[in-house]
Amino acid sequence: MAQIIFREEQPMLYPGRELSLDERKRRLYHYTSFNSFVRIWLTQKLKFGLVTDMNDTFENSPSVQCYTLDEMRLLDKYLKEKKRYKQISLTMDFDSYTQGCMSQMMWGQYGDKGKGVCIEFDYSKLMKHIKKGVLHDAIYYTPQLPAPPIITKEVAKNWNTFFKQNQKELFFTKKDCWSKENEYRIVSKKDYLKIDGAITAIYITKPKSTECECIEELLHDNNDVFFKCVYQDSLLNVGTYLNICDIEERKKLLP
């Protein structure tokens with residue numbers, strides 16, 4: 001049964017209603033360490049990561065189907081081409097109450113065990129930096145991954161067409177055990193994605209910390225980016241959950 005809880009003095013239903021994909025991706029979130037956040041903020045760039053560095057072992061070691069000796073010879077070329085593509089992983093909103101910055105799992109796994117930073121982006125502003133050839137989509141989660149592609153001589157003649165036509169299976173499909181990441185992915189052969197003007201909020205979990213003071217200084221002359229705290233809250237009928245408030249408000253509540 002839904003309960004009424006308050007976030008930033010506004011009453012909200014918990015848990016929230018299900019969102020459409022367009023609603024879920026309206027805001028995108030990137031969890032990172034404090035040091036990485038500083039580099040991102042000062043350069044206004046996100047670094048694409050190698051597919052071989054991903055946690056998902058299926059993505060680290062992509063497979064293909066080989067039925068002939070010629071196809072086996074093409075395997076090495078295919079794997080080298082696949083590794084040229086890099087990715088940026090972002091988190092979408094989960095429902096009308098649970099924003100993408102409120103994932104305890106993501107804070108623990110990618111946000112330096114809660115000591116890092118979550119950066120919020122406006123989807124429409126971020127998309128202005130997406131150039132031709134850059135692929136992007138929400139991840140489709142499935143209990144069974146699709147069969148690996150068959151690599152032929154015809155495929156090897158035009159890798160760009162092959163990867164574009166098969167992008168959903170090759171870049172945007174993962175096993176459903178990863179579904180809690182609620183991922184939106186950007187894929188490119190480039191090293192960096194410009195993000196000028198796309199950041200809308202910064203979230204941390206430690207409002208009384210040296211990192212908090214540093215971020216306040218970085219945001220000092222910027223009135224377009226909100227600085228907020230994600231913290232544990234609790235109600236008798238709801239239990240413990242994550243909530244959001246302004247950094248200064250949270251500081252006042254702490255001893």
Side-chain angles (χ1 to χ4, degrees), residues 14-33 36 46-66 75 78-79 81-121 123 134-151 163 165-188 193 203 205 230 232 238-242:
Y14 177 86
R17 66 172 178 84
E18 185 176 355
L19 299 178
S20 67
L21 176 58
D22 284 341
E23 291 175 315
R24 286 166 55 209
K25 70 181 185 183
R26 194 169 293 164
R27 294 176 293 198
L28 298 173
Y29 307 82
H30 182 65
Y31 289 83
T32 189
S33 66
S36 292
L46 280 179
K47 182 176 175 58
F48 284 94
L50 296 173
V51 174
T52 51
D53 290 340
M54 299 300 109
N55 293 336
D56 188 344
T57 55
F58 284 106
E59 292 190 294
N60 290 347
S61 303
S63 60
V64 295
Q65 297 184 63
C66 295
L75 173 60
Y78 164 76
L79 294 178
E81 188 67 24
K82 178 78 182 289
K83 289 179 180 178
R84 291 182 63 195
Y85 287 88
K86 305 165 189 176
Q87 67 185 57
I88 293 171
S89 296
L90 304 164
T91 300
M92 299 180 288
D93 285 332
F94 292 85
D95 57 42
S96 63
Y97 168 79
T98 312
Q99 293 178 210
C101 60
M102 298 169 72
S103 170
Q104 188 171 356
M105 182 194 75
M106 296 297 285
W107 275 110
Q109 190 166 353
Y110 301 105
D112 195 15
K113 299 179 181 178
K115 296 178 289 186
V117 177
C118 179
I119 308 169
E120 177 188 297
F121 298 95
Y123 174 83
V134 177
L135 309 176
H136 59 95
D137 203 351
I139 294 295
Y140 170 69
Y141 298 100
T142 176
Q144 184 63 47
L145 291 175
I150 299 174
I151 306 302
F163 281 106
Q165 290 178 344
N166 296 276
Q167 60 180 283
K168 181 178 179 181
E169 294 78 12
L170 296 176
F171 299 119
F172 302 107
T173 300
K174 297 187 68 169
K175 296 246 336 167
D176 55 7
C177 59
W178 297 95
S179 62
K180 296 299 182 182
E181 292 189 351
N182 197 27
E183 182 183 352
Y184 193 91
R185 180 176 294 180
I186 303 173
V187 177
S188 175
L193 174 69
Y203 301 88
T205 65
V230 177
Q232 287 190 2
V238 173
T240 301
Y241 58 94
L242 291 182

Chemist: Identify, with sequence neighbours excluded, every residue that meets ring pair (Phe, Tyr, Trp, His ring centres under 6.0 Å) alongside Tyr184.
Modeler: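 So Tyr184 forms a ring pair (Phe, Tyr, Trp, His ring centres under 6.0 Å) with Tyr123.
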Chemist: Could I get the full list of side chain to side chain donor-acceptor pair (under 3.5 Å) partners for Tyr31, not counting sequence neighbours?
Modeler: none
Chemist: So, the side chain of Asn182 versus the backbone of Thr91: is there a donor-acceptor pair under 3.5 Å, distance only?
Modeler: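 Side chain of Asn182 to backbone of Thr91, a donor-acceptor pair under 3.5 Å: no, none is there.
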Chemist: With sequence neighbours left out, which residue pairs that include part of residues 140-150 fulfil the side-chain hydrogen bond (donor to acceptor under 3.5 Å, both in side chains) condition?
Modeler: none
Chemist: If the condition is side-chain contact (heavy atoms from CB on, under 4.5 Å), which residues does Val134 pass it with, not counting sequence neighbours?
Modeler: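 side-chain contact (heavy atoms from CB on, under 4.5 Å) check on Val134 returns Ile130, Ile186, Ser188.
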Chemist: Give the C-alpha distance, both sets of side-chain angles, the deciding distance and a yes or no for side-chain contact (heavy atoms from CB on, under 4.5 Å) between Ile139 and Trp178.
Modeler: CA-CA 10 Å; Ile139 294 295; Trp178 297 95; over 6 Å; no
Chemist: Pro146 and Thr173: which non-hydrogen atoms are nearest, and at how many Å?
Modeler: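 Closest approach of Pro146 to Thr173: CD-CG2, 3.8 Å.
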Chemist: Not counting sequence neighbours, which residues clear side chain to side chain donor-acceptor pair (under 3.5 Å) with Ser96? List them please.
Modeler: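 Once residues adjacent in sequence are excluded, Ser96 has no partner under the side chain to side chain donor-acceptor pair (under 3.5 Å) criterion.
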Chemist: Hey, are Glu183 and Ser89 close enough side-chain-wise for a donor-acceptor pair under 3.5 Å?
Modeler: yes
Chemist: Kindly give the heavy-atom pair with the smallest separation between Gln104 and Leu242, and that separation in Å.
Modeler: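 Closest approach of Gln104 to Leu242: N-CD1, 3.8 Å.
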Chemist: Considering only heavy atoms from C-beta outward, does the side chain of Asp137 approach that of Leu135 to under 4.5 Å?
Modeler: no
Chemist: Check Leu145 against Lys174 and note the closest heavy-atom contact, atom names and distance.
Modeler: CD2-C, 3.8 Å
Chemist: So which heavy atom on Phe94 is nearest to which on Gln99, and how close?
Modeler: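 Looking at all heavy atoms of both residues, the shortest contact is CD1-O, 3.7 Å.
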Chemist: Can you give me the closest heavy-atom contact between Lys82 and Phe163, atom names plus distance?
Modeler: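 Shortest heavy-atom contact: CD-CE2, 3.7 Å.
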Chemist: Once salt bridge (charged side-chain N to carboxylate O under 4.0 Å, His left out) is applied, do any residues pair with Arg84, and if so which ones, sequence neighbours excluded?
Modeler: Glu81
Chemist: Just to verify, what does Ser20 make a side chain to side chain donor-acceptor pair (under 3.5 Å) with, not counting sequence neighbours?
Modeler: Glu23
Chemist: Quick check: do Tyr97 and Met102 have side-chain heavy atoms less than 4.5 Å from each other?
Modeler: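 A side-chain contact exists here, since the closest heavy-atom pair is under 4.5 Å.
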Chemist: Show which side-chain atoms of residues 105-115 pair as donor or acceptor with protein atoms under 3.5 Å away, not counting sequence neighbours.
Modeler:
| from | atom 1 | to | atom 2 | distance (Å) |
| --- | --- | --- | --- | --- |
| Trp107 | NE1 | Cys101 | O | 2.8 |
| Tyr110 | OH | Asn55 | ND2 | 3.0 |
| Tyr110 | OH | Glu181 | OE2 | 2.6 |

Chemist: For residues Ile88 and Lys47, report the shortest heavy-atom separation together with the two atoms involved.
Modeler: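 Reported closest heavy-atom pair: CG1-O, 3.7 Å.
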Chemist: Mind listing the side-chain donor-acceptor pairs of residues 165-172 below 3.5 Å, one per line with the distance, residues two or more places apart or on another chain?
Modeler:
| from | atom 1 | to | atom 2 | distance (Å) |
| --- | --- | --- | --- | --- |
| Asn166 | ND2 | Phe162 | O | 2.8 |
| Gln167 | NE2 | Lys164 | O | 3.0 |

Chemist: Among residues at least two apart in sequence or on other chains, which ones pass salt bridge (charged side-chain N to carboxylate O under 4.0 Å, His left out) with Arg24?
Modeler: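 For Arg24, no residue satisfies salt bridge (charged side-chain N to carboxylate O under 4.0 Å, His left out) once neighbours in sequence are set aside.
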Chemist: For residues 85-108, pull every pair meeting salt bridge (Lys or Arg N to Asp or Glu O under 4.0 Å), keeping only residues two or more places apart or in separate chains.
Modeler: Arg27-Asp93, Lys86-Asp191
